[in-house]
There are 2 protein chains.
Amino acid sequence: MIKRYIYGNPIPTNAVAATDIENGEGELQYFSEIEMGGKIILSYAMNDDDIVYGLGEANRGLNKRGGLYSSYCTDDPNQTEEKQSFYGAHNFLVISGMISVGVFIDCPGEVTFDIGYTSPNMLNIKPGTGDFVLYLIEGKSAYDVVRQFRAMIGRSYIAPRWAFGFQQSRWSYMDEDEIREVVRRHREKGIPLDAVYLDIDYMDGYKDFTVSDERFPDFPAFVQEMRSQGVRLVPIIDAGVKIEEGYDIYEEGRQHGLFCKRSDGSDFVAGVWPGKTHFPDFMNSNARAWFGSKYKVLIDAGIEGFWNDMNEPAMFYTEEGIEEAKQYIADFDFDCGDPGKYFELAGKLTHMSNRKKDYESFYHNMDGTVVCHDQVHNLYGAYMTRAAGEAFAQIVPDKRMLLFSRASYIGSHRYGGIWTGDNQSWWSHLLMNIKMMPSLNMCGYMYSGADLGGFGSNCTRDLLLRWLEFGIFTPLMRDHSAQGTRRQECYAFGETEDFKNIISVRYSLLPYLYSEYMKACLSGDMLFKPLEFEYPSDNFARTVEDQLLVGDSIMIAPVYEQNAVGRYVYLPEDMLYVVFRSSSLRRYQVMSRGLHFIPAAVNEVPMFIRKNKILPLCRTAQCTDQIDTSMFELIAFADSACEYRMYEDDGISYNFTSPENYVPFRIVENEGVLTADSSKKIVKLTLY
Amino acid sequence: MIKRYIYGNPIPTNAVAATDIENGEGELQYFSEIEMGGKIILSYAMNDDDIVYGLGEANRGLNKRGGLYSSYCTDDPNQTEEKQSFYGAHNFLVISGMISVGVFIDCPGEVTFDIGYTSPNMLNIKPGTGDFVLYLIEGKSAYDVVRQFRAMIGRSYIAPRWAFGFQQSRWSYMDEDEIREVVRRHREKGIPLDAVYLDIDYMDGYKDFTVSDERFPDFPAFVQEMRSQGVRLVPIIDAGVKIEEGYDIYEEGRQHGLFCKRSDGSDFVAGVWPGKTHFPDFMNSNARAWFGSKYKVLIDAGIEGFWNDMNEPAMFYTEEGIEEAKQYIADFDFDCGDPGKYFELAGKLTHMSNRKKDYESFYHNMDGTVVCHDQVHNLYGAYMTRAAGEAFAQIVPDKRMLLFSRASYIGSHRYGGIWTGDNQSWWSHLLMNIKMMPSLNMCGYMYSGADLGGFGSNCTRDLLLRWLEFGIFTPLMRDHSAQGTRRQECYAFGETEDFKNIISVRYSLLPYLYSEYMKACLSGDMLFKPLEFEYPSDNFARTVEDQLLVGDSIMIAPVYEQNAVGRYVYLPEDMLYVVFRSSSLRRYQVMSRGLHFIPAAVNEVPMFIRKNKILPLCRTAQCTDQIDTSMFELIAFADSACEYRMYEDDGISYNFTSPENYVPFRIVENEGVLTADSSKKIVKLTLY
């Protein structure tokens with residue numbers, strides 16, 4: 001049961017797809033409202049053992065209690081524990097305890113969530129404005145609340161099947177030859193690979209929708225060359241458009257007034273990678289259509305996927321900021337007397353990036369209404385994704401494109417996925433990745449993943465292995481690293497067999513993962529679930545944050561500590577422990593409900609198969625195109641008849657509804673003997 | 001068995017106290033040596049399951065594998081996973097596997113340790129110079145190696161007993177009245193308290209050995225006033241001496257040439273809290289004696305303890321650095337074209353602190369020999385501590401003073417303790433604190449602790465509670481927080497009963513902790529031990545990093561995760577689980593060897609008593625002076641006769657050797673019944 005409460009005059013956000021939500025009448029339930037200077041604080045008194053789920057891409061654990069969060073899309077790769085804002089802004093949370101209540105604050109400006117930070121049992125939500133829509137969702141359980149919410153916000157973007165292959169990225173592979181080398185080394189070592197990313201240097205002077213002639217003399221031919229090796233190229237598109245006379249995007253945008261403007265009507269200028277840029281006004285439908293249409297340039301060259309970046313929007317500086325700094329420096333007394341002054345000087349220059357003050361200084365034309373950017377800040381990246389998604393529906397209506405973004409706001413989940421932005425080669429970020437996946441699913445983000453191995457800082461062999469061992473379960477499985485860091489491709493760490501083996505498990509699991517992903521997308525369900533969602537009456541299970549259900553058949557318990565030889569797990573029921581040394585080399589152990597320490601070496605993938613569930617595995621392959629889906633091996637932990645319905649399709653079209661898309665695998669009982677039954681060829685049944 | 005190997009012409013460091021170490025002959029064992037340009041790389045091929053212990057105050061876990069470490073004392077409070085240098089430099093490590101080998105690189109300049117970072121099984125040690133002493137220690141076990149090493153480096157500094165009380169700090173309590181209020185609120189709420197810290201603002205203009213008249217009109221009287229309430233004041237002493245005409249310390253230092261010098265012979269200038277300062281040349285024995293003698297000013301005012309700070313030495317800037325920045329800015333083209341230029345500009349100003357270049361630009365007079373600071377960088381803070389320690393032996397020869405430092409190098413452990421420097425209110429720093437304590441003990445640092453609750457960032461109630469639940473075991477138990485952060489005193493978080501209760505456990509444990517600390521100091525043993533050290537044949541125990549033995553009777557397993565309701569533990573033998581809700585309110589459970597999940601609420605202290613061991617508890621008190629040591633309660637987990645020998649003394653003198661300092665508590669068997677026996681009054685025996 002969802003009720004809508006409208007406060008003031010909210011700005012439309014496109015977050016909610018449902019059109020039949022009832023307006024709540026009378027006083028708001030569960031929350032108390034305090035009005036202060038036109039703004040409203042919403043308070044909820046939590047019980048000691050309430051869990052608060054949600055907030056999508058946010059800091060801390062599955063349970064958000066104890067933290068202060070600010071929804072304000074922020075480019076900050078140094079994600080330490082005290083940080084309040086990440087790249088995405090997802091204002092949905094679920095209180096799970098004696099009652100199950102969800103709340104979604106549809107407000108495109110800043111919203112803060114104080115979830116037991118100031119006072120342990122008080123949840124305070126503070127929208128930065130009095131104009132917003134609040135949706136209150138009552139459910140039978142947290143899981144039920146999530147499903148209602150997901151139904152309300154509409155079907156999530158669905159990625160093509162090839163995007164479930166392993167993908168390799170770096171800022172940046174500088175030219176054709178470097179990419180050829182990356183592909184060659186993967187193929188040579190037998191490490192599966194489906195895509196290589198083009199970071200900002202593929203462009204001509206960081207100009208969107210251009211390709212450097214020098215680095216890629218015949219880009220369409222090179223795209224085909226890679227394609228023939230089973231590898232897609234995925235270029236980056238940044239939000240800012242370079243100011244350069246004669247550059248068509250710049251000229252068109254300026255001419256048709258499609259850029260964000262200052263209060264005096266001039267085009268707003270921000271410094272980003274290309275130097276001075278204008279920001280397309282994605283709040284404006286004409287600007288969206290115009291910018292979206294530009295993706296065709298690259299699609300025509302054979303490109304099938306994009307990542308939209310820098311769309312918080314990230315700003316290194318503005319002309320105004322530089323002018324201020326210049327003045328400050330001109331007046332600065334370079335005497336050494338006062339250390340405070342030096343901190344101020346340094347701060348002046350380092351804090352020139354992403355200033356709230358700058359976000360307050362430019363404007364959008366929302367199809368006739370002029371709105372200050374700050375008020376719709378969280379929509380900017382989301383609407384860039386929308387621009388691309390809407391354009392793809394025009395340009396390639398029958399083909400799924402890969403698309404994901406850095407900044408996001410609920411609603412953009414219908415147009416594209418997200419990656420979780422710039423992270424670090426920290427073990428704590430591997431753990432954060434694990435805990436974040438279900439939260440993202442709750443908020444509609446199904447095609448998602450983190451930069452495996454970590455973007456910033458130097459990765460070690462063991463960290464990359466452990467991260468990949470989790471990453472094989474995330475729809476977006478991409479190794480990505482920053483300029484200046486240690487090389488992070490799998491072949492950079494020696495003894496590549498281990499990397500090959502782990503990634504080969506992904507390819508064996510791919511039909512299952514794709515099936516579970518697709519079913520979750522099509523039914524508004526989750527791929528990654530907290531244990532509580534499947535075992536709601538198990539009080540211990542609800543406290544577990546580092547084990548997840550992945551689809552219907554398996555539970556995972558990744559190892560995320562350096563030098564660990566295994567880890568503790570809690571099994572809410574008897575399960576079959578399967579350790580993959582490679583896609584084909586495995587060991588099995590039936591484990592009983594309760595606590596265990598599971599050994600899992602640095603080159604092993606631990607996994608649990610649930611009771612009376614079936615895990616179908618195919619033979620591994622070097623890329624998704626080569627996966628043979630005519631025959632399967634089944635692993636089952638069954639003491640009676642059971643079934644797994646596998647979803648499959650062509651992986652690229654929108655034909656989701658054919659009954660033929662569902663293939664059952666059955667364990668059937670014949671005179672007391674359990675055997676496998678399917679229309680697919682079953683090459684082996686491993687039954688416990 | 002210890003062998004010494006001398007490379008080149010090492011600078012003496014005062015690290016080793018033993019005078020009877022044999023020089024090794026022939027080729028170096030275990031390590032292979034590669035000479036490169038006058039420097040030497042020492043390599044060791046690790047086995048897969050070797051553990052590498054040591055490095056004292058260093059990043060990561062108990063097991064140092066997988067990390068890159070640089071011994072170069074560094075003021076960096078943002079201790080994220082990739083950081084290589086912390087405040088201390090402790091070049092001792094132990095390889096524990098098929099063989100047990102320790103290595104100590106006595107080299108006061110930079111030394112890097114690549115412990116399986118570049119290549120998982122290679123340990124590479126790279127002293128920054130060809131001049132150093134290497135000590136190679138063969139032992140029967142890692143623990144044996146540590147004890148040999150500790151014997152070699154000499155007896156650790158011994159703190160007065162009052163320094164085991166709870167201590168409250170903040171940067172800064174600004175005046176008498178604020179301190180009175182801090183004390184009043186502790187006493188009012190019944191939260192025990194033994195000391196309050198004076199951070200930099202107690203001084204007159206940040207000038208060492210001055211006290212602001214304005215903030216403390218009659219300092220000696222105020223010291224006594226606090227003392228009469230059971231509270232000692234502990235002032236900070238910074239390394240840098242303010243340049244100010246007429247300020248005696250400055251004038252004397254300049255006149256007698258006791259400051260560090262530039263290559264041209266002028267006194268080196270660095271910007272720190274007071275603005276421009278000179279650094280006392282602690283490498284020089286005259287400068288040490290001179291600076292040390294100044295502590296008398298404050299001792300005469302009634303002060304009984306000090307913390308030496310900023311002695312890496314931390315530098316915000318130098319005159320040279322400012323000149324460079326000024327030039328850079330003067331030449332800077334304030335156009336917005338190139339973002340790279342702006343990052344460079346910002347970097348220029350933020351990286352003005354603690355530049356290697358500046359450390360290379362000044363010199364010490366080591367009693368006749370001129371040495372570049374960079375070559376002896378890690379000795380600076382250590383020798384400041386030495387200056388104070390040596391002075392105390394003159395000023396108050398019969399009285400133990402509290403003394404600890406931020407920067408350190410092995411050798412300084414004989415003169416003072418250390419705190420682990422500026423950390424953050426991060427759960428990960430609580431865990432790091434836990435893992436660091438045994439490493440510090442290995443390197444001789446016995447009186448030590450972290451800033452409980454975290455120095456930087458904002459603390460939450462649950463984090464402070466959990467951190468205190470560990471902090472009650474660390475000799476230095478101090479809550480400290482930075483300017484600008486949320487107030488972090490126990491009374492700042494509401495429901496103070498929980499804080500009172502947890503700290504009351506410390507006071508009940510104090511006779512035991514002091515006893516174990518003293519025995520460890522006197523015998524060169526450890527207070528905090530990894531499980532492996534007591535259970536060497538237990539292969540699982542050696543992988544456990546988050547449980548520690550504290551003295552002989554107990555094992556701890558602190559909870560260090562937010563929202564956790566308990567944690568997993570491994571018991572290497574049957575133990576008695578004791579949960580303290582307060583010093584007197586406890587629950588008990590006998591637990592068998594193996595894996596368990598122990599419930600431990602946010603206001604509870606979990607603890608384990610080992611088999612046939614006794615834990616003596618006294619009644620809690622409001623300060624250490626009020627602890628009644630005439631009567632004890634005993635908790636014992638015994639199935640046969642056993643004994644605990646408690647060390648006690650007057651807590652302030654150096655009378656350590658009296659046989660009366662040892663008081664036995666015995667569980668004796670009389671006709672099959674176990675009862676307690678002691679010269680102390682036993683008010684209760686809780687026996688399981």
Side-chain angles (χ1 to χ4, degrees), chain A residues 49 51 60-61 63 65-68 78 80-82 116-117 119-120 269 271-273 275-276 316-317 319 322-323 325-326 329 334 336-339 342-343 345-346 348-350 352 424-428 456-458 460-463 494 540 543 545 561-565 568 570 595-597, chain B residues 49 51 60-61 63 65-68 78 80-82 116-117 119-120 269 271-273 275-276 316-317 319 322-323 325-326 329 334 336-339 342-343 345-346 348-350 352 424-428 456-458 460-463 494 540 543 545 561-565 568 570 595-597:
Chain A
D49 56 0
I51 288 176
R60 301 183 178 254
N63 186 353
R65 285 186 77 151
L68 184 62
N78 198 40
T80 45
E81 288 179 38
E82 83 284 9
Y117 166 82
S119 179
V269 179
V272 207
W273 294 120
K276 295 188 203 183
F316 300 151
Y317 49 82
E319 288 188 324
I322 281 171
E323 197 48 46
K326 205 171 146 183
I329 288 169
F334 277 90
C336 310
D338 182 353
Y342 282 91
F343 294 138
L345 173 66
K348 207 81 198 165
L349 290 154
T350 47
M352 210 143 71
Q424 302 287 333
S425 295
W426 294 345
W427 291 84
S428 57
S457 309
N458 289 322
T460 51
R461 185 175 191 272
D462 53 351
L463 177 56
F540 192 88
T543 69
E545 295 228 341
E561 287 177 352
Q562 193 162 34
N563 299 318
V565 295
Y568 292 102
Y570 170 71
L595 312 178
H596 299 271
F597 185 93
Chain B
D49 55 0
I51 288 177
R60 297 179 181 257
N63 186 352
R65 286 186 77 152
L68 184 63
N78 197 41
T80 45
E81 288 180 37
E82 83 285 10
Y117 166 82
S119 179
V269 179
V272 206
W273 294 120
K276 294 188 202 182
F316 300 151
Y317 49 81
E319 289 188 321
I322 282 172
E323 199 46 47
K326 205 169 147 184
I329 288 169
F334 279 90
C336 309
D338 182 354
Y342 281 91
F343 294 138
L345 174 65
K348 206 82 198 166
L349 289 154
T350 47
M352 210 143 71
Q424 302 287 334
S425 295
W426 294 343
W427 292 84
S428 57
S457 308
N458 290 321
T460 52
R461 184 175 192 273
D462 54 350
L463 177 57
F540 192 87
T543 68
E545 296 228 339
E561 287 176 351
Q562 193 162 33
N563 299 317
V565 294
Y568 292 102
Y570 170 71
L595 311 178
H596 299 270
F597 185 92

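Numbers restart at 1 for each chain; the letters A, B, ... are given by sequence-line order, proteins then strands. Here the structure is a predicted model, which is why all the values come from computation and not from measurement.
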Handout entry: Test salt bridge (charged side-chain N to carboxylate O under 4.0 Å, His left out) applied to B/Arg461 - qualifying residues, sequence neighbours left out
Key =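 Per chain and number, B/Arg461 pairs via salt bridge (charged side-chain N to carboxylate O under 4.0 Å, His left out) with B/Asp498.
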Practice task
Under 4.5 Å heavy-atom distance to chain B, tell me which part of A/Tyr117 shows up: side chain, backbone, both or neither.
Solution key: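 Contact with chain B is through both the backbone and side chain of A/Tyr117.
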Practice task
Verify the distance criterion only: is there a donor paired with an acceptor across the side chains of B/Arg65 and A/Gln562 at less than 3.5 Å?
Solution key: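 Looking only at side-chain atoms, A/Gln562 and B/Arg65 do not form any donor-acceptor pair under 3.5 Å.
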Problem - Side chains of A/Ser428 and B/Glu81, donor plus acceptor under 3.5 Å - result: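 Short answer, yes.
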Practice task
Sort B/Tyr570 into side chain, backbone, both or neither according to what part of it lies under 4.5 angstrom from a heavy atom of chain A.
Solution key: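 When you check distances to chain A, atoms from both the backbone and side chain of B/Tyr570 fall under 4.5 Å.
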Problem - Side chain, backbone, both or neither of B/Val269 within contact of chain A (heavy atoms, under 4.5 Å) - result: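 It is neither, since no heavy atom gets under 4.5 Å.
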Which of [options] touches chain B most, by non-hydrogen pairs under 4.5 Å:
options                                : result
A/Gly271, A/Gly456, A/Gly337, A/Pro120 : A/Gly337
A/Pro339, A/Gly275, A/Gly61            : A/Pro339
A/Leu463, A/Asp462, A/Asn458           : A/Asn458

Handout entry: Side chain proximity check, A/Asn78 to B/Asn78, heavy atoms < 4.5 angstrom
Key =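 Heavy-atom side-chain distance check passes, below 4.5 Å.
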Practice task
For residues B/Leu595 and A/Leu595, determine if any side-chain heavy atom of one lies less than 4.5 Å from a side-chain heavy atom of the other.
Solution key: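 Heavy-atom side-chain distance check fails, nothing below 4.5 Å.
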Practice task
Kindly compute the distance separating CZ (B/Phe334) from CD1 (A/Ile322), expressed to the nearest 0.5 Å.
Solution key: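 Answer rounded to 0.5 Å: 8.0 Å.
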Exercise for the section: State the CG-CE distance between A/Leu345 and B/Met352, to the nearest 0.5 angstrom. Expected result: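 Here the rounded value is 6.5 Å.
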Problem - By ring pair (Phe, Tyr, Trp, His ring centres under 6.0 Å) - contacts of A/Trp273 (at least two apart) - result: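 A/Trp273 satisfies ring pair (Phe, Tyr, Trp, His ring centres under 6.0 Å) with A/Trp171, A/Phe316 once adjacent residues are dropped.
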Problem - Ring centre gap for B/Tyr568 and A/Phe597 strictly below 6.0 Å - result: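 Ring centres of A/Phe597 and B/Tyr568 not closer than 6.0 Å.
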Problem - Heavy-atom pair count under 4.5 Å with chain A, highest-scoring of B/Asn563, B/Thr460, B/Val565, B/Asp338 - result: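 Sorted descending by pairs with chain A, the first entry is B/Asn563.
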Practice task
Heavy-atom pairs under 4.5 Å with chain A are the metric here; pick the option from B/Phe343, B/Trp427, B/Tyr317, B/Phe540 that has the most.
Solution key: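 When all of B/Phe343, B/Trp427, B/Tyr317, B/Phe540 are compared, B/Tyr317 has the most.
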